[in-house]
Amino acid sequence: MLTLTLLVGLLPSAFAASSQAFVAPSTSPFVASSNYVGVSNSTLPAPTIVKGQAFDRFIQIWLENTDFATASSSSTFQTLAKQGILLSNYFSTTHPSQPNYVAAAGGDFFGLADDNLHNIPANVSTIVDLLEAKSISWASYQENLPSNTFTGLNFASKNYVSGSGTYTYYYRKHSPTVSYLSVQNVPKRLALHRNFNDYVADLAANTLPQWLFVTPNIVNDAHDTTIDYTSSWLNYWLVPMLANANFNNNRTLILLTFDENSSSSINNQVYSLLLGGAIPASSKGTTDSTYYTHYSTLSTVQSNWGLGCLGRQDTNKTVSNVFSLVASKTGYKNTNVTTIPLTNKSGTIKGPLNPSNLGPWTAPNTAAVCAGGGSVFV
Ligand SMILES: *[C@@H]1O[C@H](CO)[C@@H](O)[C@H](O)[C@H]1NC(C)=O
Ligand SMILES: *[C@@H]1O[C@H](CO)[C@@H](O)[C@H](O)[C@H]1NC(C)=O
Ligand SMILES: *[C@@H]1O[C@H](CO)[C@@H](O)[C@H](O)[C@H]1NC(C)=O
Ligand SMILES: *[C@@H]1O[C@H](CO)[C@@H](O)[C@H](O)[C@H]1NC(C)=O
Ligand SMILES: *[C@@H]1O[C@H](CO)[C@@H](O)[C@H](O)[C@H]1NC(C)=O
Ligand SMILES: *[C@@H]1O[C@H](CO)[C@@H](O)[C@H](O)[C@H]1NC(C)=O
Ligand SMILES: *[C@@H]1O[C@H](CO)[C@@H](O)[C@H](O)[C@H]1NC(C)=O
């Protein structure tokens, strides 16, 4: 990346963030840090494990704004790929960031094409409703979230990378569930938005839930930085986690992905890897070229645990293939999608969150067939 480093030095200060060198937010990913404003008050209760057909825990880790080719060129990603399954035909749903996270929780992005603060009506269901209906524990770990009740747009705290001033490390736009009032308005659910000091406590107590979403802060996730910075973060945080049985055991499936790629002029392919002990030795280092999207994270979880569904894009057979590793165990039949839909569109899709193409809040399609065989949640 020598040329990039030289180039960055010549660019105006708006681009200076990308030249930051990795600084670890704590002395170790297993140790709480004063760089996170929130202190952990308690750990989650130990989960009662609900058995799934292919895995008992699903962990999503979302990084930011990187092209498939850029991630592929990183030796860290290449090393991780040898331990997992590369999903070589996985696409994001739209641009910019926020609608992708919203889609991964609720099965639609409702026309959204901005990163502003939106509250989605309480009658719109999410993955949380489906998981809770089967008593499957969940939590969303947002690295620099200041407190478990914070619902603001962003939060700045001590700039631990430069050592001086403050930096806006937390952004609500990267939190998949908080914008849904069906989650935000229920104190027990809001409290399951936890920061990385809570994470450290939950990990140590072996109380990580069965479904968890991990959002690294805005520098660790490559948003304000580069693939090199994120690779350093993965070596600092994820690599030791993979070796920790409280995070990863032989019933854990991990998805490492990116919210979107970095150019909207071409279709929206993102680098995605399946990792974790649930991957059989014979599949490690292989590639799965089935067409997947962020909606596949919903259908895969539904199929694994026999859940109900949302009756939205999570049941659209074109965009919701179940990860083959799981489909082969549950008997789910995927669709052979040969014409990949263009998901580099933004702002053109009709919906209640698109002021330039307004549509209604529609009810879920109750006639939809759920990947897990359950019924549409209303
Ligand atoms: C811990 O509890 C204190 C006092 O109730 C609260 O102010 C703080 O936000 C809590 N910490 C987190 C991480 O939520
Ligand atoms: C998974 O780990 C458990 C607990 O260590 C062990 O009992 C079981 O045999 C392992 N299963 C496989 C398929 O490795
Ligand atoms: C989306 O990608 C396609 C195919 O690469 C391209 O032809 C099209 O112009 C892009 N759309 C936008 C809005 O940039
Ligand atoms: C976005 O994904 C497409 C694949 O559809 C890839 O060709 C392209 O390289 C990616 N983005 C950019 C900026 O190149
Ligand atoms: C299913 O997804 C495809 C590809 O995005 C889209 O063209 C189609 O309209 C969707 N179907 C429904 C019922 O939403
Ligand atoms: C998908 O369809 C294409 C085109 O018909 C075909 O070449 C390919 O073998 C099919 N793949 C699978 C996995 O069925
Ligand atoms: C859900 O609530 C919104 C906003 O209050 C309302 O516009 C919409 O009609 C409701 N949808 C259903 C299916 O009840």
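Counting starts at 1 for both ligands and their atoms, in listed order. The first residue of the sequence shown is numbered 1, and numbering continues consecutively from there. All values reported here derive from a predicted model rather than from experimental measurement.
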Checklist entry - Is there a donor-acceptor contact under 3.5 Å linking the side chains of Thr290 and Asp288? => result yes

Next on the checklist: For a quick check under 3.5 Å, do Asp115 and Ser97 share a side-chain donor-acceptor pair by atom type?
Outcome noted: no

Next on the checklist: List ligand 5 atoms under 4.0 Å from Val319, heavy atoms only on the residue side.
Outcome noted: 2 (O), 4 (C), 5 (O)

Checklist entry - Do the side-chain N and O atoms of Tyr167 and Asn144 include a donor-acceptor pair separated by under 3.5 angstrom? => result no

Checklist entry - For atom 9 (O) of ligand 7, which protein heavy atom lies nearest, and how many Å away is it? => result Trp361 O, 4.1 Å

Next on the checklist: Quick test: of every protein heavy atom, which one is nearest to atom 5 (O) of ligand 6, and how far off is it to 0.1 Å?
Outcome noted: Thr338 CG2, 4.5 Å

Checklist entry - N/O of Thr362 under 3.5 Å from N/O of ligand 7, yes or no? => result no

Checklist entry - Could any protein non-hydrogen atom be found less than 4.0 Å from atom 7 (O) of ligand 5? => result no

Next on the checklist: For atom 4 (C) of ligand 5, what is the closest protein heavy atom, and at what distance to 0.1 Å?
Outcome noted: Pro341 CG, 3.7 Å

Checklist entry - Among side-chain atoms of Asn336 and Tyr291, is any donor-acceptor pair under 3.5 angstrom? => result no

Checklist outcome for this item: When distances are taken from atom 10 (C) of ligand 6, the protein heavy atom at minimum range is Asn336 ND2, 2.4 Å

Next on the checklist: Distance under 4.0 Å to a non-hydrogen atom of Ala363: what atoms of ligand 7 satisfy this?
Outcome noted: 13 (C)

Checklist entry - Just checking, any donor-acceptor pair under 3.5 angstrom between side chains of Tyr160 and Ser26? => result no

Item to check | Any side-chain donor near an acceptor of the partner, Asp67 and Ser262, under 3.5 Å | outcome: yes

Checklist entry - In the protein, what heavy atom is nearest to atom 1 (C) of ligand 5, and what distance, to one decimal place, separates them? => result Asn316 ND2, 1.5 Å

Checklist entry - In the protein, which heavy atom is nearest to atom 14 (O) of ligand 5, and how far is it? => result Gln313 NE2, 3.0 Å

